[in-house]
Protein chains: 2
Amino acid sequence: MTIKEIAEMANVSSATVSKILNGKDQYISEATRQRVLEIVEREGYISNAIAKSLKTKSTSTLGIIIPDVMNLFFSELARGIEDAAEGMGYSVILCNSDNKTSKEEKYIQVLQEKMVDGIILTASEQSVSNSLKRRNMPMVLLDRDILIEGNVGRIVVDNKKGAYDATKYLIEKGCNNIGFISSDNVVKSSGERLKGYKQALTESNMEVDENKIYLHNYSIDTGYEGVKKLLENNKLDGISCGNDLIAIGAIKALNEMKIKIPEEVKVIGFDDIQISQYVEPPLTTIKQPIYEMGEEAVKMLISIIENKSVGETKVLKTTLVERRSC
Amino acid sequence: MTIKEIAEMANVSSATVSKILNGKDQYISEATRQRVLEIVEREGYISNAIAKSLKTKSTSTLGIIIPDVMNLFFSELARGIEDAAEGMGYSVILCNSDNKTSKEEKYIQVLQEKMVDGIILTASEQSVSNSLKRRNMPMVLLDRDILIEGNVGRIVVDNKKGAYDATKYLIEKGCNNIGFISSDNVVKSSGERLKGYKQALTESNMEVDENKIYLHNYSIDTGYEGVKKLLENNKLDGISCGNDLIAIGAIKALNEMKIKIPEEVKVIGFDDIQISQYVEPPLTTIKQPIYEMGEEAVKMLISIIENKSVGETKVLKTTLVERRSC
DNA sequence: ATTACTTAGGTAATCGTTTACCTTTATCAT
DNA sequence: ATGATAAAGGTAAACGATTACCTAAGTAAT
């Protein structure tokens with residue numbers, strides 16, 4: 001069922017049908033309009049967006065590349081993105097990069113072939129500018145900032161301040177031996193969080209002890225292993241974690257070791273993913289406005305697409321949410 | 001940069017370039033092939049999949065409609081789907097229905113306009129056949145079975161047996177007073193799980209007591225509330241939960257009430273979502289092969305698309321995984 | 001009566017591929 | 001020398017919309 005067939009049934013030209021369907025009907029009589037619309041309805045006509053896209057050079061589709069939707073942080077990001085996109089008339093193609101530059105590059109290629117109007121990229125750990133051959137594709141970098149040339153937007157939080165606040169909070173709560181468990185990946189945010197931790201210690205005249213730092217990746221297992229390793233040689237009374245998954249792993253290990261939280265050791269996370277309020281004890285953490293970050297990314301991307309803005313950097317605020325783990 | 005421009009540079013026709021790019025080059029000399037390929041590479045030509053789709057009537061894109069990616073069950077499903085799709089050369093458009101028939105219908109319309117090759121639908125709670133106007137679109141129903149006419153595939157598990165096994169296990173572990181907390185939604189699987197619970201009781205000559213059943217929805221809060229409500233009037237020593245989220249909420253409530261798990265009350269879940277192994281105590285549950293269900297859905301859908309099979313129903317097996325909550 | 005504008009709609013090129021069908025030249029068996 | 005076949009590549013229609021530009025009739029002002 002095409003526009004041409006509808007046109008024949010209504011005894012008008014396909015141009016007329018197209019105009020009516022797109023609301024460009026100021027020079028179409030109401031009678032004709034009604035007649036066409038009725039036929040469209042009766043025949044269950046569904047317009048062919050592919051043909052439309054070919055002509056108009058716009059697909060109303062966005063590509064989103066994240067490491068892994070199964071990770072609660074990214075699934076919330078994805079949800080924020082999809083909701084905002086849907087609200088603005090866009091669909092989203094979902095891509096999981098598994099933090100692999102190779103998959104990321106492949107997806108960028110595919111998304112360009114599919115003529116998405118723009119791409120939201122949560123960069124993989126090793127991605128560098130030159131691996132991203134983009135042909136002037138509107139793009140916003142979300143959560144993870146990387147070096148990249150050209151007109152790209154950025155939505156980030158102040159990771160250093162967040163980690164600083166977390167550690168400072170632990171100090172205020174009376175901790176004297178604070179460990180840090182996080183990821184050793186090379187994305188900027190990871191480094192910033194480590195810096196924030198160190199700065200908080202230094203400012204309070206505590207020494208930075210590399211033996212109290214365990215870096216691996218952003219997973220529950222890292223938190224679990226980190227606690228086991230760190231407590232072999234140290235007496236910690238506070239642990240600042242690079243993200244909530246790590247904190248959850250840390251809590252699990254501490255629970256198993258019958259170490260009381262928060263009485264003996266206080267634990268603080270980063271992100272405030274959905275599940276964090278449900279662990280035992282509920283996790284005190286540095287909240288990122290994850291869902292909103294997704295929304296903001298879409299808004300910025302669409303404004304770049306529609307040429308209303310040039311890529312800028314938007315820094316969203318983190319907040320400390322107090323629960324029972326401290 | 002189009003195929004025509006490449007053709008001009010190489011002094012061949014666009015047909016030749018197209019043939020080379022699509023591997024239909026049995027009658028193209030190696031010299032020409034190389035020359036064209038080099039130009040394609042040098043100019044960074046990216047093919048226009050939209051134009052291709054218009055001609056070939058296939059987009060290599062699948063639509064997936066799930067209630068909510070932020071729900072761990074569905075995010076794992078989504079991941080399985082995306083991985084399998086990517087492996088078979090397809091992209092996926094992600095849609096969150098929030099269990100609303102209205103959103104679901106809207107997405108189905110959009111997906112058809114975008115000419116996806118097929119749709120994987122995890123149906124919303126109220127969706128019924130006639131609300132789904134589809135124009136002969138290949139489709140597979142995933143996880144939730146609904147009545148629908150036409151040629152659709154189905155990937156499900158035996159929910160009744162799963163819930164039966166769970167409850168039976170509790171009985172074997174010595175429980176005499178087993179409650180059931182689940183969702184009251186109208187999808188078939190919810191009813192099946194309730195039936196499985198009841199059947200296990202009946203078979204063991206235990207009476208089904210409606211006061212020990214709390215039905216609301218598949219959320220952590222339901223588990224939490226359910227325990228509070230059920231323990232007001234009952235002395236339970238076992239709780240069979242409609243899914244893991246509910247079980248996690250139940251465990252949280254029990255922990256707060258200082259009731260020992262599994263000594264005083266045993267808890268069993270359903271699904272085996274990722275997080276379940278990390279709660280305290282780790283959750284014993286009926287494992288659904290979630291990721292594989294996503295994969296299987298893609299395989300079945302693509303085989304329907306390629307006309308290699310007609311819609312059939314595939315029932316995957318659940319297994320009981322023992323952890324410390326029982 | 002002429003000009004100008006508005007209303008209502010039609011014509012046909014165009015977007016970038018794919019592909020059925022055609023042409024030309026070379027090779028080869030008879 | 002002839003016909004058949006293979007090799008190499010070209011021509012142009014088609015996919016289904018959109019849209020710049022055109023036409024024609026009616027109306028209104030001068």
Side-chain angles (χ1 to χ4, degrees), chain A residues 1-37 39-40 43-61 89 109-117 135 137, chain B residues 1-37 39-40 43-61 89 109-117 135 137:
Chain A
M1 177 69 40
T2 72
I3 224 176
K4 221 173 269 182
E5 296 175 66
I6 298 287
E8 269 175 30
M9 292 182 200
N11 270 317
V12 293
S13 74
S14 61
T16 301
V17 177
S18 173
K19 286 171 191 165
I20 292 170
L21 256 21
N22 290 291
K24 302 187 174 169
D25 50 6
Q26 53 172 314
Y27 292 129
I28 307 286
S29 72
E30 186 57 23
T32 305
R33 220 179 69 86
Q34 284 306 328
R35 182 157 39 93
V36 169
L37 254 20
I39 294 174
V40 163
E43 300 293 322
Y45 166 78
I46 291 180
S47 79
N48 184 327
I50 294 293
K52 178 173 194 164
S53 293
L54 181 58
K55 185 81 229 277
T56 62
K57 295 179 178 320
S58 112
T59 52
S60 296
T61 302
Q109 167 90 19
V110 170
L111 291 174
Q112 289 189 97
E113 288 181 356
K114 297 208 168 163
M115 298 275 139
V116 296
D117 293 342
R135 313 200 75 56
M137 168 70 70
Chain B
M1 177 67 41
T2 72
I3 225 175
K4 222 173 268 181
E5 298 176 64
I6 298 287
E8 270 176 30
M9 293 184 199
N11 270 318
V12 293
S13 74
S14 60
T16 301
V17 177
S18 174
K19 285 172 191 164
I20 292 170
L21 257 20
N22 289 291
K24 301 187 175 168
D25 50 6
Q26 55 171 312
Y27 291 128
I28 308 286
S29 72
E30 186 56 22
T32 305
R33 219 178 69 87
Q34 285 304 330
R35 182 157 39 92
V36 168
L37 254 20
I39 295 175
V40 162
E43 300 292 323
Y45 166 78
I46 291 179
S47 78
N48 184 326
I50 295 292
K52 178 173 194 164
S53 292
L54 182 58
K55 187 81 233 274
T56 63
K57 296 181 178 318
S58 112
T59 53
S60 295
T61 302
Q109 168 90 19
V110 170
L111 292 174
Q112 290 189 94
E113 288 181 356
K114 297 207 166 161
M115 298 277 139
V116 296
D117 293 342
R135 314 200 73 56
M137 167 70 70

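Below, chains carry the letters A, B, ... as their sequence lines are ordered, and counting in each starts from 1.
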What is the distance, rounded to the nearest whole Å, between atom [atom1] of [X] and atom [atom2] of [N]?
X: Ile6(B); N: dT17(C); atom1: CD1; atom2: P; value: 9 Å
X: Glu5(B); N: dC15(C); atom1: CD; atom2: C1'; value: 13 Å
X: Ile46(A); N: dA17(D); atom1: CD1; atom2: P; value: 11 Å
X: Leu54(B); N: dT14(C); atom1: CG; atom2: C1'; value: 12 Å
X: Ile3(A); N: dT19(D); atom1: CD1; atom2: P; value: 11 Å
X: Glu8(A); N: dG10(C); atom1: CD; atom2: C1'; value: 15 Å
X: Gln112(B); N: dA17(D); atom1: CD; atom2: P; value: 14 Å
X: Met1(B); N: dT17(C); atom1: CE; atom2: P; value: 10 Å

Whether [X] contacts [N] is assessed here as follows: a side-chain N or O lying under 4.0 Å from the phosphate OP1 or OP2. Is that the case?
X: Tyr27(A); N: dA25(D); answer: no
X: Thr2(B); N: dC15(C); answer: no
X: Thr32(A); N: dG9(C); answer: yes
X: Ser53(A); N: dC15(C); answer: no

Would you indicate which nucleotide in [options] comes nearest to any side-chain atom of [X]?
X: Lys52(B); options: dG9(C), dG16(D), dT17(C); answer: dT17(C)
X: Lys55(B); options: dA14(D), dT18(D), dA8(C); answer: dA14(D)
X: Lys57(A); options: dG16(C), dT14(C), dT17(C); answer: dG16(C)

* To do: Mind checking Ser13(A) for me? I need base, sugar-phosphate or nothing, with any heavy atom below 4.0 Å counting as a touch.
  =>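 If one applies the 4.0 Å heavy-atom cut-off, Ser13(A) turns out to touch a base.
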* With a non-hydrogen cut-off below 4.0 angstrom, is Lys24(A) in contact with a base, only sugar-phosphate, or nothing? -> sugar-phosphate
* Please, what dot-bracket string fits DNA chain C when only Watson-Crick and G-U pairs with both distances under 3.5 Å count, crossing ones use [ ] and pairs to another strand use |? -> ||||||||||||||||||||||||||||||
* **Within-4.5 Å side-chain heavy-atom neighbours: Ile46(A) and Met137(B)** => no
* Asked: Is there side-chain contact between Thr61(A) and Lys114(B), with heavy atoms separated by less than 4.5 Å?
  ->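 The answer is yes; the side chains approach within 4.5 Å.
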* To do: Identify the residue among Ile20(A), Asp25(A), Ile28(A) that makes a side-chain contact (heavy atoms from CB on, under 4.5 Å) with Val36(A).
  =>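 Exactly one pass, corresponding to Ile20(A).
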Test your reading of the model: is there a side-chain donor-acceptor pair from [X] to the backbone of [Y], 3.5 Å cut-off?
X: Asn48(A); Y: Ala51(A); answer: yes
X: Ser53(A); Y: Ala49(A); answer: yes
X: Glu5(B); Y: Thr2(B); answer: yes

Measure across [X] and [Y] and return the closest heavy-atom pair with its distance rounded to 0.1 Å.
X: Val12(B); Y: Thr32(B); result: CG1-CG2, 3.8 Å
X: Tyr45(A); Y: Ile6(A); result: CB-CD1, 3.9 Å
X: Asp117(A); Y: Thr59(A); result: OD1-N, 2.9 Å

* 5′-ward residue of the pair Ser29(A)/Ser47(B) relative to DNA chain C -> Ser29(A)
* Output the residues of residues 15-23 of chain B in contact with DNA chain C, where contact means a heavy atom of the residue under 4.0 Å from an atom of the strand; sort by number or write none. =>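 Within residues 15-23 of chain B, the residues near DNA chain C are Ala15(B), Ser18(B), Asn22(B).
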* To do: Test Lys52(A) against Asn22(A) for side chain to side chain contact (heavy atoms under 4.5 Å, CB included), laying out the working first.
  => CA-CA 11 Å; Lys52(A) 178 173 194 164; Asn22(A) 290 291; 3.1 Å; yes
* 5' precedence on DNA chain D between Ser14(B) and Gln26(B) (nearest-nucleotide basis) ->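 So the residue in question is Gln26(B).
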